[in-house]
Amino acid sequence: MSLTAHHFRREWTKEEEEKLDYFYGRKPIKQIAKMLNRKNIPGIQTKISRMGLSASYRHQGHLTLSEFADLLEVSNFKVRRWIKDKKMPSKEIVTALKKKYTLIEVSEFWEWAEVNKEEVNFYRIKPYTLLPEPSWVNEEREKDKREIPLRRNKFFTPEEDQQLLHLYFKENLTQKAIATIMNRSRDSIRNRLARLRKK
C-alpha cells in the first residue's frame, strides 16, 4: 500500500501559527520556512491564506497600534486617545484566527499630524522611521528639539501652579504651548495638571 502525501502532512501547532503570524511581512517566506523547519513553501503559502494574512497589513504601509506607539515612543493609551478623542484615522481588522488589530496607515497619520501638531512630539520620531515623511516634519522636529526643557525635574512653585491653571483653563492653551511658555516638558505639565485636579 503506497503512502499518499496526506500521510506526511504535518499538523500546525499553535506556536507555529503564532510565529507565522508575527514574522509574515517581516521576513521572507523561505526564511520563515527554515525557522519553522518546514520545506513545503506552497503549504506555508496556503496556511498564510487560511489565516487571513495573505493581504498582510505590513505590505500595505500599515502598522499595528503597538508598533506605531513604539516608533513614536508614546504609550498605547495615548494612541488610543488620539484615535478616540482626536479622530486620528485607523481601521480594525480581524484575522481568520479571530485576532483583532488596530492599524494605522502612515500617510493618513501624517495628514492628521499636520493639523494636530500640538499633540505630537516630532523630536521623538526619528528621521526615516515613518516613510514617506513629508517635508514639513523636519522643521517641526527642530522646533520640538529646541523646546526640550531645562527644568524637567524642578518643583512647581505656587505661582507657577497659578500660571499653569490660568493658561490651561482660562486661556485654553494646549499642554505643548504651556510647556514652551513655562520652559518645562509636556510630561511635567500633564502630570502637574493631574495632581492639581486631584487637589
Side-chain angles (χ1 to χ4, degrees), residues 22 25-26 57-93 100-199:
Y22 180 82
R26 299 173 192 261
Y57 50 82
R58 300 181 191 97
H59 289 163
Q60 300 174 18
H62 290 92
L63 296 167
T64 66
L65 188 148
S66 294
E67 290 170 336
F68 180 79
D70 287 344
L71 289 174
L72 267 69
E73 297 185 14
V74 298
S75 66
N76 289 6
F77 174 81
K78 174 171 278 192
V79 177
R80 290 191 186 98
R81 184 180 68 79
W82 287 346
I83 293 169
K84 181 180 178 183
D85 299 338
K86 299 296 181 177
K87 311 303 181 187
M88 189 180 85
S90 67
K91 70 176 183 178
E92 303 284 338
I93 66 163
K100 186 177 181 181
Y101 292 98
T102 298
L103 302 182
I104 291 99
E105 205 277 324
V106 173
S107 62
E108 290 181 348
F109 163 71
W110 286 129
E111 290 177 9
W112 174 87
E114 189 170 12
V115 295
N116 291 274
K117 291 178 180 176
E118 74 283 354
E119 292 289 331
V120 182
N121 184 339
F122 293 95
Y123 181 61
R124 287 186 175 180
I125 307 175
K126 304 295 186 294
Y128 312 111
T129 297
L130 298 176
L131 298 176
E133 182 178 291
S135 57
W136 57 265
V137 175
N138 199 51
E139 182 180 348
E140 294 299 321
R141 184 180 286 117
E142 290 301 315
K143 284 182 184 177
D144 285 347
K145 180 180 179 180
R146 291 193 297 269
E147 292 171 3
I148 293 175
L150 302 173
R151 305 171 61 210
R152 188 183 300 272
N153 298 315
K154 290 191 176 181
F155 292 110
F156 280 77
T157 66
E159 291 76 18
E160 286 177 316
D161 282 344
Q162 290 301 315
Q163 181 187 17
L164 172 56
L165 292 172
H166 176 79
L167 292 172
Y168 189 73
F169 290 106
K170 299 294 184 181
E171 300 292 335
N172 293 319
L173 296 181
T174 64
Q175 293 178 15
K176 184 174 183 177
I178 295 171
T180 301
I181 292 170
M182 299 186 68
N183 194 28
R184 289 184 179 270
S185 70
R186 271 179 286 177
D187 287 343
S188 69
I189 294 296
R190 183 181 66 251
N191 293 338
R192 191 61 183 169
L193 278 171
R195 287 172 184 165
L196 291 173
R197 285 180 181 135
K198 288 180 181 178
K199 290 181 179 181

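Starting from 1, each residue takes its place in the sequence as its number. Below, all heavy atoms of this structure are taken into account, side chains as well, without hydrogens, waters or symmetry copies.
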Contacts of type side chain to side chain donor-acceptor pair (under 3.5 Å), residue N138, not counting sequence neighbours = R141
Output yes when E105 and K91 qualify as a salt bridge under the 4.0 Å nitrogen-oxygen rule, no when they do not.
-> no
Interatomic distance, L164 atom CG to I189 atom CD1 [nearest 0.5 angstrom] | 5.0 Å
Approximate separation, where rounding is to 0.5 Å, of N172 CG and L167 CG = 10.5 Å
Residues which pass salt bridge (charged side-chain N to carboxylate O under 4.0 Å, His left out) with D70, listed by chain and number, not counting sequence neighbours = none
Sequence-distant partners of N191, side chain to side chain donor-acceptor pair (under 3.5 Å), two or more places apart | none
For E159, enumerate each residue passing the side chain to side chain contact (heavy atoms under 4.5 Å, CB included) test, keeping only those at least two apart in sequence or located in another chain.
-> T157
Sequence neighbours left out, what passes salt bridge (charged side-chain N to carboxylate O under 4.0 Å, His left out) with R195? Give chain and number order.
-> none
Results of salt bridge (charged side-chain N to carboxylate O under 4.0 Å, His left out) for R190 - residues two or more places apart only | D187
With the side chain counted from C-beta on, respond yes when L196 and L165 share a heavy-atom pair under 4.5 Å apart, and no when they do not.
-> yes
I83 meets the side chain to side chain contact (heavy atoms under 4.5 Å, CB included) criterion, sequence neighbours left out, with L65, V79, M88, S90, T102
Residue set satisfying ring pair (Phe, Tyr, Trp, His ring centres under 6.0 Å) with F156, at least two apart, ordered chain then number -> none
Which distance, rounded to the nearest 0.5 Å, do you find between the CD1 of I178 and the CD of E118?
-> 12.0 Å
Mind checking the CH2-CH2 spacing from W82 to W112? Nearest 0.5 Å is all I need.
-> 5.0 Å
Identify, with sequence neighbours excluded, every residue that meets salt bridge (charged side-chain N to carboxylate O under 4.0 Å, His left out) alongside E111.
-> none
For a salt bridge (Lys or Arg N to Asp or Glu O under 4.0 Å) with E119, tell me which candidate from K78, R186, R81, K176 qualifies.
-> R81
With E171 via side chain to side chain donor-acceptor pair (under 3.5 Å) - residues at least two apart | H166
Rounded to the nearest 0.5 Å, what separation is found between the OH atom of Y168 and the CZ atom of R192?
-> 15.5 Å
Can you name the residues that form a side chain to side chain contact (heavy atoms under 4.5 Å, CB included) with K117, not counting sequence neighbours?
-> E114, F122, W136, E140
Could you pull out all residues at least two apart from S66 that satisfy side chain to side chain donor-acceptor pair (under 3.5 Å)?
-> N76
L72 and its side-chain contact (heavy atoms from CB on, under 4.5 Å) partner, picked from L63, N121, L130 | L130
List the atom of S185, the atom of A179, and the distance in Å for their closest heavy-atom pair.
-> C-CB, 3.9 Å
